[in-house]
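Worksheet: one structure, shown below.
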Amino acid sequence: MKRTEIVQLLKPEFYQAHLEQTVLLMGWVKAFRANRFIALNDGSTINNVQVVVDFENFDEEIIKKISFHSCIKVSGKLIESQGAGQSIEIQAEDIEILGESNPADYPIQPKRMTMEYLREKAHFRMRTNTFSAVFRIRHAVAYAVHKFFNDKGYIYMHTPIITGSDAEGAGEMFRVTTFEPQQAPTTEEGEVDYSQDFFGKATNLTVSGQLQAEIGALAFGKVYTFGPTFRAENSNTSRHLAEFWMIEPEVAFFDIMDDMDLAEEFVQYLINYVLDNYPDDLAFLDKRIQDEEKNMPKEKRRPMGLIEQLRFVVDNDFERITYTEAVNILRNSKPYKKGKFEYDVEWGTDLQAEHERFLVEKKFKKPVIVRDYPKGIKAFYMRLNDDQKTVAAMDVLFPGIGEVIGGSQREERLDVLIERCEAAGIPAEELWWYQDLRKFGGAPHAGFGLGFERIVQFITGMSNIRDVIAFPRTPGNAEF
RNA sequence: GCCUCUUUAGCUCAGUUGGUUAGAGCGGCGGACUGUUAAUCCGUAGGUCCUUGGUUCGAGCCCAAGAAGAGGCGCCA
């Protein structure tokens, strides 16, 4: 007999057609109540199926081994449930233990455990209801990314993980080398001689696929990347990882306004996809957050439930303001006038987290896109605006997690690009191929980077980014 | 990297002003229970109070250093 997956079994059109027939299930025991009722889960859905056991019909040794997260094979008759709480159940006819699990030694217990504890048991945490829901949704978002771009005719591009260019300008990089740390050959000046290294030059793990994506955009018109990204920053926060996944669309003939339209449509699409296809997992996470916040004082609770918030984001247009408008709003705000902000607001300096939070959570109460930042605080490749003071950059800010997307229209004018490179102290010759794109068939173009884990974090409502990636890499932690 | 907080049973936590034998709930184990839904009931075992040093007649509690973890900030996605 073929195994039936529980996600299949629980569909009314399936079980109505198979009532009173024998089915074969395999899965893990989530609960064994009253020596009679097994809650069985096989990971195909967050929902369990109830298996009813007449223990008189089974060897006591088998019954004893039915414990939390032991793995079993059950064949039995599919019948209408005689109890409340589920519509169908399985009357067990034969049970085989596939994998025992001694509850005295097993570190996971059928009770509430802290996220920190489960993080240390990363090889087991996916079996919990919460992480099972989170990682099913993570998959859904990844699939939706590809579906969104494919349906729009974008080309999926794989950009290199090992990069030789030292000028991507997005933070500290991890060095890639085959040299033994203590035995690296040196030059006459005593510096490490990377010309003898594997690639014949110094190489690093990528911090962004953007520059290479621009190559693709000027060939295919519309491309996107979706791959791992590495930052060797000593960041200790609930929204930073040393290894994360980033999505970077890059589009020829797009200006900054088109770029913002794409970003908004994209994020709303991802959220809608999960709302439409994973309602059970979302409902579980929503309830989990509500239970968790039940005992908190009102001011510490989230202003909206998880699903309510997701609906709110897809049903409302994002607020769009310029950096200059943001500065004016902030300087005229109550907290500013009352001296409640820790950092001053002044045109030319970057907005602090507290300022962004005020705009998103207090002023507009929805995602905000800020654009046209001062050129001094943004990267060299962002297009200089006509005012000569700002660049066509935009950040999409979300409640709770801050910046989800950072993007810009790229500088397509060679002379301006070279000027901005020099101002930033970047050796222009390293980017000879980047300049070539402007010399031969250049085009206006724009793109952005979306932090994959950050959008998964938002959709699942998880408060720490380390809990939406299977094996988080952060400063001091690379276990598993 | 900076600031703040936390560390007590397998897990989540309480532990008063420094005082004699360190507690609870859940989980485990043993038992009861054939319609349970975080099952329930009875019984039971389980401790390097993070580490080191100090103060004290006496330290889970006070002091110092260290370790690990979390939250906030910075860097950003």
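Letters A, B, ... are given to chains in the order of the sequence lines, protein chains preceding strands, and every chain is numbered from 1. Note: hydrogens, waters and symmetry copies are ignored here, and every other heavy atom, side chains too, is used.
A:Ile459 and A:Leu306 make their closest contact through O-CD1, 3.5 Å (heavy atoms, listed as atom of the first residue, atom of the second, distance).
A:Asp286 and A:Gln290 share a side-chain donor-acceptor pair at under 3.5 Å. The closest side-chain donor-acceptor pair between A:Glu214 and A:Gln210 falls under 3.5 angstrom.
For B:G10, its base sits under 3.5 Å from the side chain of A:Gln109 at one donor and acceptor pair at least. In this model, no side-chain donor or acceptor of A:Glu342 finds a partner on the base of B:G74 within 3.5 Å. Residue-to-nucleotide contacts include a donor-acceptor pair under 3.5 Å from the side chain of A:Ser235 to the base of B:C75. Under 3.5 Å, the side chain of A:Asp54 and the base of B:U34 form at least one donor-acceptor pair of N or O atoms. You'll find a donor-acceptor pair under 3.5 Å spanning the side chain of A:Gln86 and the base of B:U36, going by distance alone.
In this structure, A:Arg239 reaches the B:C73 phosphate: one of its side-chain N or O atoms is under 4.0 Å from OP1 or OP2. For B:A70, the OP1/OP2 oxygens have a side-chain nitrogen or oxygen of A:Arg466 closer than 4.0 Å. For B:A68, the OP1/OP2 oxygens have no side-chain nitrogen or oxygen of A:Arg119 closer than 4.0 Å. Applying the 4.0 Å criterion to OP1 and OP2 of B:G72, one finds that A:Ser238 has a side-chain N or O inside that range. In this model, the phosphate group of B:G71 is approached by a side-chain N or O of A:Asn464 to a distance below 4.0 Å at OP1 or OP2.
For A:Thr114, taking side-chain heavy atoms from C-beta onward, the closest of the listed nucleotides B:G74, B:U12, B:G72 is B:U12. The side chain of A:Asn234 lies closest to B:G1 when the candidates are B:U12, B:G1, B:G28. The side chain of A:Gln352 lies closest to B:G74 when the candidates are B:G10, B:G35, B:G74. The nucleotide whose nearest atom lies closest to any side-chain atom of A:Ala34 is, among B:A39, B:G74, B:A77, B:A39. For A:Arg33, the listed nucleotide lying nearest its side chain is B:U36; candidates were B:C76, B:U36, B:C11. Among the nucleotides B:C75, B:A77, B:G74, the one closest to any side-chain atom of A:Tyr343 is B:G74. The side chain of A:Ala353 sits closest to B:C73 out of B:C73, B:U12, B:C76. Of the candidates B:C11, B:G1, B:A77, the closest approach to any side-chain atom of A:Met113 belongs to B:C11. Comparing atom distances between the A:Gln50 side chain and each of B:G35, B:A77, B:C76 picks out B:G35 as nearest.
The distance from atom CD of A:Glu172 to atom C1' of B:G74 is 14 Å, rounded to the nearest whole Å. The interatomic distance linking A:Tyr117 (OH) with B:U8 (P) rounds to 13 Å, in whole Å. Spacing between atom NE2 of A:His355 and atom P of B:G74 amounts to 9 Å, rounded to whole angstrom units. Rounded to an integer number of Å, the gap from CZ of A:Phe230 to P of B:C76 is 20 Å. Rounded to whole Å, atom P of B:G28 lies 14 Å from atom NZ of A:Lys64. A:Arg288 places its CZ atom 17 Å from the P atom of B:A38, with the value rounded to the nearest Å. Between the C1' atom of B:U36 and the CZ atom of A:Arg36 lies a distance of 9 Å, rounded to the nearest Å. Rounded to whole Å, the distance from CE on A:Met115 to C1' on B:A70 is 14 Å.
Taking atom C1' in both B:G28 and B:G69, the straight-line distance is 26 Å, to the nearest Å. Between B:C62 and B:U16, the two C1' atoms lie 16 Å apart (nearest whole Å). To the nearest whole angstrom, the two P atoms, one in B:C13 and one in B:G19, are 24 Å apart. The gap from the P atom of B:G23 to that of B:A9 amounts to 14 Å, rounded to the nearest Å. The gap from the P atom of B:A67 to that of B:A59 amounts to 26 Å, rounded to the nearest Å. Separation of the P atoms belonging to B:G43 and B:C26 is 13 Å when rounded to the nearest angstrom. One C1' atom belongs to B:A64, the other to B:A70, and the distance between them is 23 Å to the nearest Å. For B:G31 and B:G47, the C1' atoms lie 26 Å apart once the distance is rounded to whole Å.
In this pair, A:Tyr154 and A:Phe149 present their aromatic rings tilted. The plane angle is within the 30 to 60° band.
For the side chain to side chain donor-acceptor pair (under 3.5 Å) with A:Tyr373, the qualifying choice from A:Asp395, A:Thr324, A:Asn385, A:Thr322 is A:Asp395, the only one to do so.
With both pairing distances under 3.5 Å, B:U44 is matched to B:G28 as a Watson-Crick or G-U wobble pair. With a 3.5 Å ceiling on both atom-pair distances, B:A14 lacks any Watson-Crick or G-U wobble partner. With a cut-off of 3.5 Å on both Watson-Crick or G-U wobble distances, the partner of B:C33 is given as none. B:U56 is unpaired under the Watson-Crick or G-U wobble criterion, no partner having all donor-acceptor distances under 3.5 Å. B:C76 is unpaired under the Watson-Crick or G-U wobble criterion, no partner having all donor-acceptor distances under 3.5 Å. Across all strands shown, B:A68 pairs with B:U6; the Watson-Crick or G-U wobble distances both stay below 3.5 Å. In a base pair of the Watson-Crick type (N1 to N3 plus N6-O4 or O6-N4) or a G-U wobble (N1-O2 and O6-N3), with each distance short of 3.5 Å, B:C49 is matched with no nucleotide. In a base pair of the Watson-Crick type (N1 to N3 plus N6-O4 or O6-N4) or a G-U wobble (N1-O2 and O6-N3), with each distance short of 3.5 Å, B:A39 is matched with no nucleotide.
Looking at A:Met26 and A:Asp42, their side chains never come closer than 4.5 Å, going by heavy atoms from C-beta outward.
Taking the ring centroids of A:Phe32 and A:Phe37, they lie at or beyond the 6.0 Å cut-off. In summary, the aromatic rings of A:Phe148 and A:Phe266 are positioned with their centroids under 6.0 Å apart. Taking the six-membered ring for Trp, A:Trp28 and A:Phe68 have ring centres at least 6.0 Å apart. Ring centroids of A:Tyr106 and A:Phe124 are separated by less than 6.0 Å, placing the two rings close together.
A:Glu89 comes within 4.0 angstrom of a base, heavy atoms only. In this structure, A:Gln82 reaches the bases: a heavy-atom distance under 4.0 Å links it to at least one base atom across the strands shown. Note on A:Ile405: only backbone sugar-phosphate atoms sit closer than 4.0 angstrom, heavy atoms only; bases stay farther off.
Comparing A:Arg112 and A:Val53 against RNA chain B, the residue whose closest nucleotide sits nearer the 5' end is A:Arg112. Comparing A:Phe32 and A:Lys378 along RNA chain B, the residue whose closest nucleotide (by nearest heavy atom) sits nearer the 5' end is A:Phe32.
In this structure, A:Phe244 forms an aromatic stack with the base of B:A77, since both conditions hold: centre separation below 5.5 Å and plane angle below 30°.
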